[in-house]
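In what follows, a structure is listed as structure tokens, so that the remarks can point back to it.
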Number of protein chains: 2
Amino acid sequence: MSNQLPVLNSCCTPISEAALGPEQAAEGAAVFKALSDPIRLRLMSIIASAGDEVCVCDITPHFEVSGPTISHHLKVLREAGLVDCERRGTWVYYWPLPERLTWLSTLLSVPAAV
Amino acid sequence: MSNQLPVLNSCCTPISEAALGPEQAAEGAAVFKALSDPIRLRLMSIIASAGDEVCVCDITPHFEVSGPTISHHLKVLREAGLVDCERRGTWVYYWPLPERLTWLSTLLSVPAAV
DNA sequence: TTCGTGATTAGACAAGCATCTAGACAGCGC
DNA sequence: GCGCTGTCTAGATGCTTGTCTAATCACGAA
């Protein structure tokens, strides 16, 4: 169920230190786009803060949209490389992939003193 | 020219530590949306990495889209509270507002050891 | 095998967004 | 004042995206 995760080509240089090239910007923008929906950001925070894997059946009740809509948003997070999932029996479990979060956090970090 | 900057209501708790509420998620998603376009992310990186204010006339040549399109994207960054600008004579200058970047970076940060 | 439950996929539709052209505005120099 | 340059605003257009319902798939139990 782990599908093709985008490779992290650009790494670790904050935008406050060096401007991004077009390819790096496209890569970064794609991940930000995955977090640019309130539902997806909440999904990400629920999964990331769980400290463990989370069952979809425990996620869906937090939201007021239909199951397929949640499923769609989880797929977007998966394709952005932010989470991964596995089916176990009847249920599907999601967990965070912290590398991407760390990467974005570094990208946006601002040196304390310039 | 500095317009109403959104207030930073939610602050400083990484999503890896606590799940976001709907309002916080909406606020964060709005800022991520501003960075979810490759052109805007490059614009932000150009302005943030300049170490000083940047003239629009120095920005536009980096891109292959029309002037009004750049102007539109800069407005989105401005309304997200990521940059601010001022007209001086014929030219308009932009500079970064690091608070927002720091906030996002903290939001996405992952504790070294869980 | 058949049924029931949990989750995803498929397809449709409305709303939102990126981009363009044309026009307006601000400031400088003649 | 008049024209020129740099930037922004207005309005239109085509593409993208979020959401839904209906259908399908995966698995476990009877």
Side-chain angles (χ1 to χ4, degrees), chain A residues 1-4 22 25-44 46-47 50 53-80 82-95, chain B residues 1-4 22 25-44 46-47 50 53-80 82-95:
Chain A
M1 194 162 270
S2 23
N3 22 17
Q4 68 310 330
E27 189 183 356
V31 187
F32 284 126
K33 180 172 289 181
L35 296 175
S36 71
D37 181 276
I39 290 184
R40 283 201 295 271
L41 187 55
R42 279 182 71 197
L43 283 171
M44 188 68 220
I46 288 173
I47 297 172
E53 54 193 20
V54 190
C55 178
V56 172
C57 60
D58 291 326
I59 294 177
T60 308
H62 287 88
F63 298 89
E64 309 214 327
V65 295
S66 68
T69 297
I70 295 294
S71 189
H72 161 72
H73 286 306
L74 286 171
K75 183 180 180 183
V76 173
L77 291 177
R78 235 186 302 136
E79 291 179 342
L82 287 164
V83 301
D84 200 4
C85 68
E86 183 183 60
R87 173 181 285 273
R88 271 205 297 287
T90 309
W91 294 278
V92 177
Y93 295 86
Y94 279 76
W95 60 88
Chain B
M1 195 164 269
S2 24
N3 22 16
Q4 68 309 332
E27 189 183 356
V31 188
F32 283 127
K33 179 172 288 181
L35 295 174
S36 71
D37 181 275
I39 290 184
R40 284 200 295 269
L41 187 53
R42 280 181 70 197
L43 284 170
M44 188 67 221
I46 288 174
I47 297 172
E53 54 194 21
V54 191
C55 177
V56 172
C57 59
D58 291 325
I59 294 177
T60 309
H62 287 88
F63 299 88
E64 310 215 325
V65 295
S66 67
T69 298
I70 296 294
S71 188
H72 160 71
H73 286 307
L74 286 171
K75 182 181 181 184
V76 174
L77 292 177
R78 235 185 303 138
E79 291 178 344
L82 288 164
V83 301
D84 201 2
C85 67
E86 183 184 60
R87 175 182 284 273
R88 272 206 297 285
T90 309
W91 294 279
V92 177
Y93 295 87
Y94 279 77
W95 60 86

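First the proteins, then the strands, lettered A, B, ... as listed; each starts at 1.
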Partners passing side chain to side chain donor-acceptor pair (under 3.5 Å) against [X] (at least two apart in sequence or in another chain):
X	value
B:H72	none
B:R42	none
B:S66	B:T69
A:T90	none

**OP:** Run the numbers on A:W95 and A:E86 for side-chain contact (heavy atoms from CB on, under 4.5 Å), then give the verdict.
**Re:** CA-CA 9 Å; A:W95 60 88; A:E86 183 183 60; 3.6 Å; yes
Within less than 4.0 Å of OP1 or OP2 of [N], is there a side-chain N or O belonging to [X]?
X	N	result
B:Y93	D:dT7	no
B:Y94	D:dC8	yes
B:K33	C:dC17	yes

Using atom [atom1] of [X] as one end and atom [atom2] of [N] as the other, report the distance to the nearest whole Å.
X	N	atom1	atom2	answer
A:R78	C:dA7	CZ	P	13 Å
A:L43	C:dT8	CG	C1'	15 Å
B:E86	C:dG27	CD	C1'	14 Å
B:R40	C:dT19	CZ	C1'	12 Å
B:E79	D:dT9	CD	C1'	12 Å
A:K75	D:dG18	NZ	C1'	14 Å
A:L74	C:dG6	CG	P	17 Å

Subject >> Most 5' of A:S36 and B:I70 on DNA chain D, judged by nearest nucleotide >> reply: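 Its nearest nucleotide being more 5', the pick is B:I70.
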**OP:** Determine, for nucleotides 25-30 of chain D in 5'-to-3' order, which nucleotides have protein heavy atoms under 4.0 Å from the base (write B), from only the sugar-phosphate (write S), or from neither (write -).
**Re:** -SSS--
Strictly under 3.5 Å: I want the nitrogen or oxygen pairs between protein and nucleotides 19-22 of chain D, one per line.
unit_1	atom_1	unit_2	atom_2	d
D:dT19	OP2	A:H73	NE2	2.3
D:dC20	OP2	A:S66	N	3.0
D:dC20	OP2	A:S66	OG	2.9
D:dC20	OP2	A:T69	OG1	2.7

By side-chain contact (heavy atoms from CB on, under 4.5 Å), which residues pair with [X], not counting sequence neighbours?
X	value
B:C55	B:C57, B:D58, B:W91, B:Y93
B:S36	A:F32, A:K33, A:S36, B:K33, B:R40
B:A29	A:P38, A:L41

Subject >> B:S71 side chain to B:G67 backbone, donor-acceptor under 3.5 Å >> reply: no
